[in-house]
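What follows is a single structure, written as structure tokens, with notes after it.
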Amino acid sequence: MIHLTFPDNSVRDFAAGTTGAEIAAGISKSLAKKAVAVALDGALADLSEPITGDARLEIVTRDDPRALELIRHDAAHVMAEAVQELWPGTQVTIGPVIENGFYYDFKRDEPFTPEDLPVIEKKMREIIQRGDAFTKEVWSREEAKRFFLERGETYKVELVDAIPAGEDVKIYRQGDWLDLCRGPHMASTRQIGDSFKLMKVAGAYWRGDSDNEMLTRIYGTAWANDAELKAYLHMLEEAEKRDHRRLGREMDLFHFQEEGPGVVFWHAKGWSLFQSLVSYMRRRLAEDYDEVNAPQILDSSLWETSGHWGWYKENMFSVQCADTEAEDTRLFALKPMNCPGHVQIFKHGLKSYRDLPLRMAEFGAVHRYEPSGAMHGLMRVRGFTQDDAHIFCTEEQMAEECLKINDLILSVYEDFGFHEIVVKLSTRPEKRVGSDELWDHAESVMEKVLQQIADQSGGRIKTDILPGEGAFYGPKFEYTLRDAIGREWQCGTTQVDFNLPERFGAFYVDKDGEKKTPVMIHRAICGSMERFLGILIENFAGHFPLWLAPQQVIVTTITSEADEYAREVLAEMKAAGLRADIDLRNEKINYKVREHSLAKVPVIVVCGKREAEERTVNIRRLGSKHQTPMALAEAVSSLAEEAVAPDLRPAAE
RNA sequence: GCCGGUAUAGCUCAGCUGGUAGAGCACCUGAUUUGUAAUCAGGGGGUCGCGGGUUCGAAUCCUGCUGCCGGCACCA
């Protein structure tokens with residue numbers, strides 16, 4: 001006998017080996033029909049799985065949020081069956097559930113095309129209609145390997161070999177088709193339903209390793225019902241509308257062109273955004289940091305000393321005089337980072353322990369030769385500007401400096417409206433420099449700091465650990481923010497470095513007169529200004545808060561009789577420091593409103609004959625269909641107040 | 001870098017199986033003086049990404065390169 005506890009806390013006894021399906025059937029016919037799985041102590045399991053011990057039991061129906069994972073997983077299996085039915089000889093490899101859907105990686109000599117997707121979908125619907133039951137079998141390793149080998153499924157043989165000793169080799173069967181899988185699955189393919197769609201084909205390396213063969217991946221999305229599917233597809237459309245590359249063009253912010261892959265042409269409005277961001281950051285740094293500027297090109301020998309030439313040569317640009325006859329034939333590197341330059345500044349002149357912590361900031365333009373396939377609008381470019389800083393400090397000051405940086409980063413994000421932040425600690429990677437003792441120490445300090453960050457936020461800031469993701473020279477914190485449509489972006493970083501100061505022989509004179517190597521902390525808040533602006537564009541969908549908007553106000557008229565007054569209004573707006581422009585074109589107000597709305601100008605100030613007589617203005621805000629009449633003076637002062645950057649605003653009462 | 005797709009006017013796109021380019025918007029000109037998301041009429045604009053090839057003839061077919069797009073890998 002086993003004791004099963006139901007969601008209502010009632011406990012009932014069953015014979016050991018009873019299945020979830022039997023229990024559901026015992027409760028009601030309709031439940032048996034709706035059930036797709038059971039949860040035993042919260043873990044999903046097959047309905048047909050014999051239950052062997054006491055547990056909390058829930059019958060999971062198709063509308064349970066947990067069923068979604070099963071729907072997607074089952075859909076992946078059905079897709080694999082469909083593909084093998086359509087193109088025999090195609091090998092199946094792995095097919096996991098991912099956020100919003102699933103994929104399956106196939107090995108086929110002929111690649112799939114987008115036109116294949118509807119064909120596969122159709123076949124999937126057939127299989128789903130058949131409604132074959134998913135059944136589990138446990139095979140011996142040898143049996144499984146022999147079976148897949150006979151079928152030419154060599155990838156599956158590798159997967160069987162990868163199953164840890166002592167774990168069962170499980171096979172799930174649906175009709176005539178079967179797959180190696182750890183489960184669980186729903187009762188039948190019919191439970192997948194019809195709310196799925198194949199989205200795209202893409203290449204993917206076998207086991208995620210670029211040294212391996214490339215397979216073809218088919219991505220799909222699947223939902224519990226059509227409404228959810230539709231909502232998801234709609235969300236994708238909305239995300240596309242706020243794509244920064246599209247808005248960059250539509251709002252005339254920047255462009256790229258063929259001669260400069262991965263480098264940005266900032267147009268006036270985009271550059272205004274850029275400058276607003278830099279000015280804001282400068283104000284935030286003014287109190288604690290010294291801003292410097294290190295050279296753009298430096299002899300490659302310096303990069304050899306720093307280690308970059310060895311580690312990242314394939315990602316660096318080199319420069320030389322274009323004239324082969326030039327006297328100086330040395331090879332220079334376009335800086336990919338600011339740190340070596342900052343160490344040179346630190347080294348210039350003797351530093352005392354009294355100078356520490358020394359915080360050196362730079363809005364440094366760096367260039368990195370990114371792989372061609374990696375570039376993506378402003379998000380991944382070859383030339384970008386870092387809001388970089390290096391803090392030279394003592395071992396003892398390290399933890400406090402990390403916390404100070406943390407406060408600054410969180411407060412900056414807050415000012416841009418990002419409230420959901422995750423701080424992740426990345427620990428030692430396989431390829432690294434420095435002794436294990438050094439890493440042990442640095443990681444333990446940072447673990448404590450991470451805990452403190454979590455504690456002092458009162459649980460608001462989430463933390464995480466990314467094993468092996470640290471930089472080669474030290475562990476790091478990565479700051480990830482969540483945007484308006486729920487996407488996560490890693491922006492800020494704090495990295496401890498016990499490599500570079502030593503390599504360059506940087507030191508300070510300590511209290512006892514001895515030379516000591518300082519600890520160096522690299523930190524960035526926005527990371528790349530270009531990328532951060534890309535994130536802001538998408539986050540706000542181009543609808544910037546007033547303090548950031550490149551053009552804050554457009555003054556426009558209804559008839560030319562108001563032109564004179566409109567000029568006066570413009571002058572007052574400008575005098576109040578607003579970025580304002582005027583539109584006196586002989587066009588209908590509808591036309592002008594539409595145009596400026598599409599250009600995403602936050603404030604349209606309309607002046608007609610009436611306003612001119614009354615010395616008022618009519619304000620229409622972007623996104624609103626309403627207008628607010630206001631006295632001119634009042635409009636100017638309220639807009640000017642709204643346009644003050646968050647860091648300059650008087651603290652809230 | 002790898003796999004696949006793609007490149008036609010400033011933008012969005014059409015151009016079937018090869019017969020020397022077309023629309024809408026934008027732009028320019030004229031008319032219209034207009035009350036909150038497109039006033040009307042006229043006009044100009046493209047060596048069809050770049051280089052080879054096939055062909056009597058290439059935007060269209062083949063091929064190389066480049067950019068871009070979607071993934072994968074990478075991201076100091």
Side-chain angles (χ1 to χ4, degrees), chain A residues 103 105 111-116 199-219 243 245-246 249-250 252 255-262 303 306-316 336-340 366 368-377 379-382 386 429 431 469-474 476 490 493 495 497 499-500 522 524 527-528 531 556-563 584-599 604-611 618-629:
Chain A
Y103 68 78
D105 285 349
F112 295 98
T113 69
E115 290 74 54
D116 293 333
M199 304 298 283
K200 55 197 168 197
V201 290
Y205 296 109
W206 166 236
R207 300 193 141 182
D209 185 336
S210 59
D211 290 334
N212 289 343
E213 224 174 326
M214 178 144 297
L215 309 171
T216 305
R217 175 172 299 178
I218 301 179
Y219 283 95
D243 186 311
R245 292 166 300 185
R246 175 176 173 154
R249 186 175 54 241
E250 287 174 359
D252 194 19
H255 86 267
F256 291 91
Q257 66 188 45
E258 204 164 336
E259 292 83 351
W303 300 102
S306 73
H308 290 95
W309 202 257
W311 286 87
Y312 291 107
K313 195 176 175 182
E314 68 276 17
N315 296 310
M316 286 169 67
M337 294 197 87
N338 304 300
C339 26
V366 296
R368 300 175 181 181
Y369 184 84
E370 300 288 355
S372 58
M375 290 185 294
H376 181 92
M379 302 304 190
R380 190 82 181 267
V381 286
R382 286 185 177 159
Q386 288 181 313
K431 272 174 74 179
E469 296 288 312
F472 73 87
Y473 49 69
K476 60 183 178 183
Q490 195 242 302
T493 178
Q495 314 183 352
D497 186 343
N499 174 47
L500 211 57
H522 308 244
S528 147
R531 180 165 172 274
T556 191
T557 50
I558 292 170
T559 81
S560 55
E561 286 174 292
D563 285 4
L584 298 179
R585 288 175 306 169
N586 178 13
E587 295 288 352
K588 287 192 166 182
I589 190 63
N590 278 308
Y591 179 88
K592 295 202 265 194
V593 164
R594 176 181 154 84
E595 220 177 49
H596 298 298
S597 299
L598 287 173
I604 302 178
V605 173
V606 176
C607 304
K609 202 174 163 192
R610 195 159 63 225
E611 286 76 13
N618 214 302
I619 291 185
R620 180 181 169 127
R621 303 295 302 239
L622 178 59
S624 160
K625 284 191 162 48
H626 305 100
Q627 313 131 41
T628 319

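Here is how names work: the chains are called A, B, and so on, in the same order as the sequence lines, proteins then strands, and each is numbered from 1. Here the structure is a predicted model, which means the values were calculated and not measured.
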Phosphate oxygens OP1/OP2 of G70(B): is one of them under 4.0 Å from a side-chain N or O of R245(A)? yes

If one requires at least 3 consecutive Watson-Crick or G-U pairs with distances under 3.5 Å, the stems of RNA chain B turn out to be B:1-7 with B:66-72, B:10-13 with B:22-25, B:27-31 with B:39-43, B:49-53 with B:61-65

Quiz item: Under 4.0 Å: is that the gap between some side-chain N or O of N590(A) and OP1 or OP2 of U36(B)?
Solution: no

Q. Mind checking the P distance from C3(B) to G64(B)? Whole angstroms is fine.
A. 12 Å

Could a donor-acceptor pair under 3.5 angstrom be found where the side chain of R368(A) meets the base of C75(B)?
no

### Query
Would one find a side-chain N or O of H376(A) under 4.0 angstrom from OP1 or OP2 of C68(B)?
no

Please examine the side chains of V606(A) and E611(A), heavy atoms only from C-beta on, and report whether any two atoms are closer than 4.5 Å. no

Per atom distances to the R217(A) side chain, the nearest of C72(B), A37(B), A76(B) is C72(B)

Of the listed C72(B), U36(B), G71(B), the closest approach to the A202(A) side chain comes from G71(B)

*Using atom C1' of each nucleotide, how far apart are C61(B) and U17(B) to the nearest Å?*
11 Å

In whole angstroms, the gap separating C1' of C74(B) from CD of E314(A) amounts to 10 Å

Please tell me if R620(A) has a side-chain N or O lying less than 4.0 Å from either OP1 or OP2 of A37(B).
yes

task: Pick the C1' atom in G4(B) and in A73(B), then give their distance to the nearest Å.
output: 15 Å

Between G46(B) and A21(B) - C1' atom distance, rounded Å: 8 Å

Rounded to whole Å, the CE-C1' distance (M214(A) to G1(B)) equals 9 Å

>> Please classify the nucleic acid contact of K476(A) as base, sugar-phosphate, or nothing, using heavy-atom distances under 4.0 Å.
In response: sugar-phosphate

Ranking G1(B), A76(B), G35(B) by distance to the side chain of I558(A), first place goes to G35(B)

Is there a donor on the side chain of E611(A) or the base of G35(B) sitting less than 3.5 Å from an acceptor on the other? yes

Item checked: Distance, P atom - from C62(B) to G5(B), rounded to whole angstrom -> 12 Å

Open item on the list: Base, sugar-phosphate or nothing for L598(A)? Non-hydrogen atoms, less than 4.0 Å.
Closed with: base

### D243(A) and R245(A) ion-paired at < 4.0 Å
yes

Have a look at P111(A) and say if it touches a base, only the backbone sugar-phosphate, or nothing, with a 4.0 Å heavy-atom cut-off. sugar-phosphate

Quick note, N315(A) side chain, CB onward, closest among C74(B), A76(B), G35(B) is A76(B)

Using the C1' atom in both, what is the distance from U66(B) to G51(B), to the nearest Å? 10 Å

Ranking G1(B), G35(B), A37(B) by distance to the side chain of S597(A), first place goes to A37(B)

Given the C1' atoms of C69(B) and U60(B), what is the spacing between them in whole Å? 22 Å

Check this one for me: any side-chain N or O of R249(A) less than 4.0 Å away from OP1 or OP2 of U12(B)?
yes

Regarding the side chain of P336(A), the nearest nucleotide among A76(B), C74(B), C2(B) is A76(B)

| message | What's D209(A) touching, base or sugar-phosphate or nothing? Going by heavy atoms closer than 4.0 Å. | response | nothing

C75(B) base to R531(A) side chain: any donor-acceptor pair below 3.5 Å? no

Among U66(B), A38(B), G1(B), the one nearest any side-chain atom of R594(A) is A38(B)

request  = If the plane angle is over 60° it's perpendicular, under 30° parallel, otherwise tilted; pick one for H308(A) and W303(A).
outcome  = perpendicular

Does S210(A) place a side-chain N or O at less than 4.0 Å from the phosphate oxygens OP1/OP2 of C2(B)? no

Evaluate the ring planes of F472(A) and Y312(A), with Trp represented by its six-membered ring, and classify them as parallel (under 30°), tilted (30 to 60°) or perpendicular (over 60°).
tilted

Task: Whole-Å P distance, C16(B) and U33(B) - done: 46 Å

Check: Checking all strands, does K592(A) fall into the base, sugar-phosphate, or nothing category for heavy-atom contacts under 4.0 angstrom?
Finding: nothing

Nucleotide N/O to protein N/O under 3.5 Å, stretch nucleotides 23-31 of chain B:
none

Per atom distances to the Y205(A) side chain, the nearest of U36(B), C74(B), C72(B) is C72(B)

side-chain contact (heavy atoms from CB on, under 4.5 Å) for T113(A) and V201(A)? Distances and angles first, verdict last.
CA-CA 7 Å; T113(A) 69; V201(A) 290; over 6 Å; no

- Would you indicate, yes or no, if C72(B) has its OP1 or OP2 atom less than 4.0 angstrom from a side-chain nitrogen or oxygen of Y219(A)? yes

Minimal heavy-atom distance between V381(A) and E370(A), with the atoms involved, is O-CG, 3.4 Å

(Q) Does G71(B) have its OP1 or OP2 closer than 4.0 Å to a side-chain nitrogen or oxygen of K200(A)? (A) yes

